[in-house]
Asker: 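Quick one: this structure, given as structure tokens, is what I'll be asking you about.
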Amino acid sequence: MAIKPKKSGSAKTESVTIRLNPRLRFGLELLARKQRRSTTSVIEWAIDQALEREDFSINNESASGVDATNNIWDVFDSDRLVKLAIYYPQLLTYEEEVTWKIIREIKEFWYGNGDYYEDGCDFQTIRKFWPEIKAVADGEKNLSELQQKLSPPNAPTKNGFDEFDNDVPF
């Protein structure tokens, strides 16, 4: 199934190409006639219904697919990936797992010490370096290049102090 953003004006919808067997296509057309909707509207309705019924519970807290979608959705691809990885890591594709591993391993993307939770994530820095993160994940760049951009030599650390400050006797 291919998903392509709509090109005209401000993209409020996306185009999805699907294959249906002739019998299912006919059933879709019958349902559209019965509901006096377009086939597209029937498909959107069916997906909404499926999301409502699907269980996306996390940590023993009840959540539907609609809840999960609302909690994870963000206009930025990078933010969506991080939220998906934090809440539903089992749903990541292999490519997303590679990208997530890179994000997890770079300390400049996190406020805490190895705890991967939404409030501990520096989303702004990840967004800023998203093209480079993707290039590393795709094998086009080395991780060391990205790390060097994030913390060049002699740059202050995240807490604002140089690494040599601890060596000065008082």
Side-chain angles (χ1 to χ4, degrees), residues 1-106 109-111 115-143 145-146:
M1 176 173 18
I3 299 177
K4 298 178 183 176
K6 196 173 183 179
K7 298 287 183 191
S8 63
S10 62
K12 292 186 180 183
T13 62
E14 296 204 10
S15 176
V16 177
T17 303
I18 62 171
R19 292 183 183 270
L20 299 173
N21 69 45
R23 183 183 206 135
L24 192 55
R25 171 64 191 220
F26 180 70
L28 172 61
E29 289 172 4
L30 286 176
L31 190 55
R33 290 178 188 186
K34 182 173 187 311
Q35 293 184 354
R36 299 195 185 282
R37 300 178 187 225
S38 67
T39 54
T40 299
S41 178
V42 171
I43 291 169
E44 288 176 342
W45 168 80
I47 292 170
D48 280 339
Q49 294 297 309
L51 283 170
E52 269 298 330
R53 287 191 303 268
E54 193 65 33
D55 180 22
F56 275 76
S57 298
I58 186 167
N59 298 330
N60 295 325
E61 288 189 35
S62 178
S64 70
V66 173
D67 296 330
T69 301
N70 291 337
N71 290 333
I72 295 169
W73 170 253
D74 196 282
V75 296
F76 294 107
D77 293 344
S78 57
D79 292 24
R80 272 196 316 267
L81 176 84
V82 169
K83 291 175 185 180
L84 177 64
I86 289 170
Y87 296 110
Y88 301 101
Q90 71 278 13
L91 300 180
L92 294 174
T93 64
Y94 175 76
E95 291 79 11
E96 290 168 336
E97 285 180 5
V98 171
T99 305
W100 175 234
K101 183 162 179 62
I102 293 164
I103 291 169
R104 276 194 341 250
E105 291 186 354
I106 296 178
F109 295 152
W110 301 97
Y111 298 118
D115 294 330
Y116 306 112
Y117 55 95
E118 191 174 343
D119 290 340
C121 181
D122 186 348
F123 286 101
Q124 189 172 8
T125 302
I126 292 172
R127 274 184 235 129
K128 180 179 177 182
F129 289 95
W130 186 243
E132 287 90 349
I133 294 167
K134 294 298 290 172
V136 172
D138 293 341
E140 298 166 7
K141 286 189 177 183
N142 292 324
L143 182 60
E145 292 177 68
L146 175 57

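Computed from a prediction, not measured in an experiment: that's the story for all the values here.
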Asker: Applying side chain to side chain contact (heavy atoms under 4.5 Å, CB included), run through D48 and V66 and close with a yes or a no.
Answerer: CA-CA 8 Å; D48 280 339; V66 173; 5.7 Å; no
Asker: Ignoring hydrogens, what is the shortest heavy-atom contact between Y88 and S57? Give both atom names and the distance.
Answerer: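 It is CE2-O, 4.3 Å.
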Asker: Which pair of non-hydrogen atoms, one from I126 and one from C121, has the smallest distance, and what is that distance?
Answerer: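 I126 and C121 have their closest heavy atoms at CD1-SG, 3.4 Å.
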Asker: Rounded at 0.5 Å granularity, tell me how far CG in D119 sits from OH in Y111.
Answerer: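 Going from the CG atom of D119 to the OH atom of Y111 covers 10.0 Å.
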Asker: Considering only heavy atoms from C-beta outward, does the side chain of K83 approach that of N71 to under 4.5 Å?
Answerer: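 A side-chain contact is absent here, since even the closest heavy-atom pair is not under 4.5 Å.
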Asker: Going from CD1 on I102 to CD on E132, what distance comes out if it is rounded to the nearest 0.5 angstrom?
Answerer: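 Going from the CD1 atom of I102 to the CD atom of E132 covers 12.0 Å.
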Asker: Closest heavy-atom contact between D79 and R127?
Answerer: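 Distance-wise, the nearest heavy atoms are OD2-NH2, 2.9 Å.
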Asker: Under a 3.5 Å distance rule, please check whether S41 uses its side chain to pair with a backbone N or O of R37 as donor and acceptor.
Answerer: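 The answer is no, because no donor-acceptor pair under 3.5 Å joins these two groups.
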Asker: Is the shortest side-chain heavy-atom distance between W45 and Q35 below 4.5 Å?
Answerer: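 Yes. Closest side-chain heavy atoms under 4.5 Å.
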Asker: When you look at CZ of R33, are more than 12 heavy atoms from neighbouring residues, nucleotides or ligands closer to it than 6.0 Å?
Answerer: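 Open.
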Asker: State, yes or no, whether a side-chain contact exists between I43 and I18 at a heavy-atom distance under 4.5 Å.
Answerer: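 Counting from C-beta outward, I43 and I18 do come under 4.5 Å.
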Asker: Look up atom OH in Y87 and atom CD1 in I72, then write down how far apart they are to the nearest 0.5 Å.
Answerer: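 Y87 OH to I72 CD1: 8.5 Å, rounded to 0.5 Å.
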Asker: Give the minimum heavy-atom separation between I103 and W110, together with the two atoms involved.
Answerer: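 For I103 versus W110, the nearest heavy atoms are O-NE1, 2.9 Å.
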Asker: In Å, rounded to the nearest 0.5 Å, how long is the span from CZ of F109 to CG of D122?
Answerer: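 Here the rounded value is 8.5 Å.
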Asker: With a sphere of 6.0 Å drawn around CD of Q124, does it hold more than 12 non-hydrogen atoms of other residues, nucleotides or ligands?
Answerer: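 No, not enclosed.
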Asker: Can you check whether F56 reaches S64 side chain to side chain, under 4.5 Å on heavy atoms?
Answerer: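 A side-chain contact is absent here, since even the closest heavy-atom pair is not under 4.5 Å.
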Asker: Side-chain contact, heavy-atom cut-off 4.5 Å: V136 with N142?
Answerer: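 Answer no - side chains too far apart.
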Asker: Side chains of W100 and E96: closer than 4.5 Å at any heavy-atom pair?
Answerer: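 Answer no - side chains too far apart.
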Asker: To check you understand the geometry: which heavy-atom pair defines the closest contact between T99 and A137, and what is its length?
Answerer: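 Closest heavy-atom pair between T99 and A137: OG1-CB, 3.4 Å.
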Asker: Determine which pairs satisfy side chain to side chain donor-acceptor pair (under 3.5 Å) with at least one residue from residues 18-27, sequence neighbours left out, and list them in order.
Answerer: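 Pairs touching residues 18-27 that pass the test: R25-E29.
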Asker: By ring pair (Phe, Tyr, Trp, His ring centres under 6.0 Å), which residues pair with Y117, not counting sequence neighbours?
Answerer: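 Scan of Y117 (ring pair (Phe, Tyr, Trp, His ring centres under 6.0 Å), adjacent residues dropped) gives none.
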Asker: What is the distance from atom CG of L143 to atom CD1 of I106, rounded to the nearest 0.5 Å?
Answerer: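 Rounded to the nearest 0.5 Å, the CG-CD1 separation comes to 5.0 Å.
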Asker: Verify side chain to side chain contact (heavy atoms under 4.5 Å, CB included) between L81 and L92, making sure each step is shown before the conclusion.
Answerer: CA-CA 8 Å; L81 176 84; L92 294 174; 4.1 Å; yes
Asker: Does any pair with a residue in residues 58-83 pass ring pair (Phe, Tyr, Trp, His ring centres under 6.0 Å), and if so which ones, sequence neighbours excluded?
Answerer: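 Sorted pair list comes back empty.
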Asker: Side-chain contact, heavy-atom cut-off 4.5 Å: E105 with K101?
Answerer: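 Yes; the side chains approach each other to less than 4.5 Å.
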Asker: Which value, rounded to the nearest 0.5 Å, describes the distance between R104 atom CZ and I86 atom CD1?
Answerer: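 That separation rounds to 11.0 Å.
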